[in-house]
Amino acid sequence: MRCPYCRHADSRVVDSREADDGQLIRRRRSCPECGKRFTTVEEAVLAVVKRSGVTEPFSRTKIIGGVRKACQGRPVDEDSIALLAQRVEETVRAKGAAEIPSHDVGLAILGPLRDLDEVAYLRFASVYRSFDSLADFEREIETLRAAARAREAAGAEPASAQ
């Protein structure tokens with residue numbers, strides 16, 4: 001690491017600490033040339049591998065945009081969408097891989113979105129899973145109904161009442 005003061009090519013790590021729930025590492029460094037100290041922040045880059053094979057950095061903003069489109073016209077506030085995106089990022093990062101397939105990101109979105117709003121879930125799933133016919137929608141709606149019946153049988157409130 002180059003010293004920002006004297007541009008010396010090397011520095012010594014004095015202290016390291018995790019920040020932002022382990023997503024960042026803050027390092028306190030000392031320059032052996034000029035003796036000044038400075039801090040660096042390191043972040044692990046998570047890459048998403050698209051179906052085409054192209055790799056791009058993970059973007060919480062893209063998650064928010066996709067979920068916002070699915071929730072358009074629905075009674076879902078921005079804070080709920082932001083929380084969902086945060087949950088998705090935490091789920092994806094918890095896998096511990098530097099690269100993750102876009103398919104896994106989509107799966108990480110579907111669960112929390114189903115809990116947030118079933119209509120938005122159907123919209124997102126119809127695009128994500130490439131629904132081709134009404135039968136695809138009917139099959140997914142029946143899956144949602146079966147899950148709601150199971151929740152009611154277990155004594156939980158229906159998703160729409162939460």
Exercise for review: Would you mind checking if E142 and R149 are paired as a salt bridge, meaning a charged N to carboxylate O distance below 4.0 Å?
Suggested key: yes
Check your understanding: Applying the 4.5 Å side-chain criterion to the ILVMFWY set and letting contacts propagate, would L46 and L107 be lumped into a single cluster?
Key -> yes
Exercise for review: Of all the heavy-atom pairs spanning R123 and Q72, show the shortest one and how long it is.
Suggested key: NH1-O, 2.6 Å
Practice item. Would you mind reporting whether I100 and F58 have side-chain heavy atoms less than 4.5 Å apart? Key: no
Revision key, fill the gap. Heavy atoms of A125 and F131 approach each other most closely as O-CE1, 3.7 Å
Review point. Is it true that atom CZ of R145 has more than 12 heavy atoms of other residues, nucleotides or ligands lying nearer than 6.0 Å?
Key: no
Exercise for review: Check whether any side-chain heavy atom of H8 lies under 4.5 Å from a side-chain heavy atom of C34, and answer yes or no.
Suggested key: no
Point to revise | Cluster overlap Y128 with F137, hydrophobic side-chain contacts below 4.5 Å | key: no
Review point. Would a 4.5 Å heavy-atom cut-off, applied to side chains only, mark R17 and R28 as touching?
Key: no
**Study point:** Salt bridge flag under 4.0 Å for residues R7 and E33
**Key:** no
Check your understanding: Between the side chain of Y121 and the main-chain N/O of P112, is any donor-acceptor distance below 3.5 Å?
Key -> no
Check your understanding: Is there a chain of hydrophobic side chains (I, L, V, M, F, W, Y, each step under 4.5 Å between heavy atoms) that links L83 to I81?
Key -> no
Exercise for review: Indicate, with yes or no, if L116 and V127 share a hydrophobic cluster defined by side-chain heavy-atom contacts under 4.5 Å among Ile, Leu, Val, Met, Phe, Trp and Tyr.
Suggested key: no
**Study point:** From CA spacing to verdict: side chain to side chain contact (heavy atoms under 4.5 Å, CB included), K62, E56
**Key:** CA-CA 11 Å; K62 283 185 78 170; E56 64 180 43; 2.8 Å; yes
Practice item. Using the side chain to side chain contact (heavy atoms under 4.5 Å, CB included) rule, pick out the option among D104, V92, V88 that qualifies with I109. Key: V88
Review point. In this structure, are over 12 heavy atoms from other groups packed under 6.0 Å from R74 atom CZ?
Key: yes
Review point. If you group Ile, Leu, Val, Met, Phe, Trp and Tyr by side-chain heavy-atom gaps below 4.5 Å, do L110 and I64 land in one group?
Key: yes
Review point. Taking the side chain as C-beta and beyond, is there a heavy-atom pair between I63 and E89 under 4.5 Å?
Key: no
Review point. Just wondering, do L122 and L144 contact through their side chains at under 4.5 Å, heavy atoms?
Key: yes
**Study point:** Heavy-atom donor-acceptor pair, R129 side chain to D136 backbone, under 3.5 Å
**Key:** no
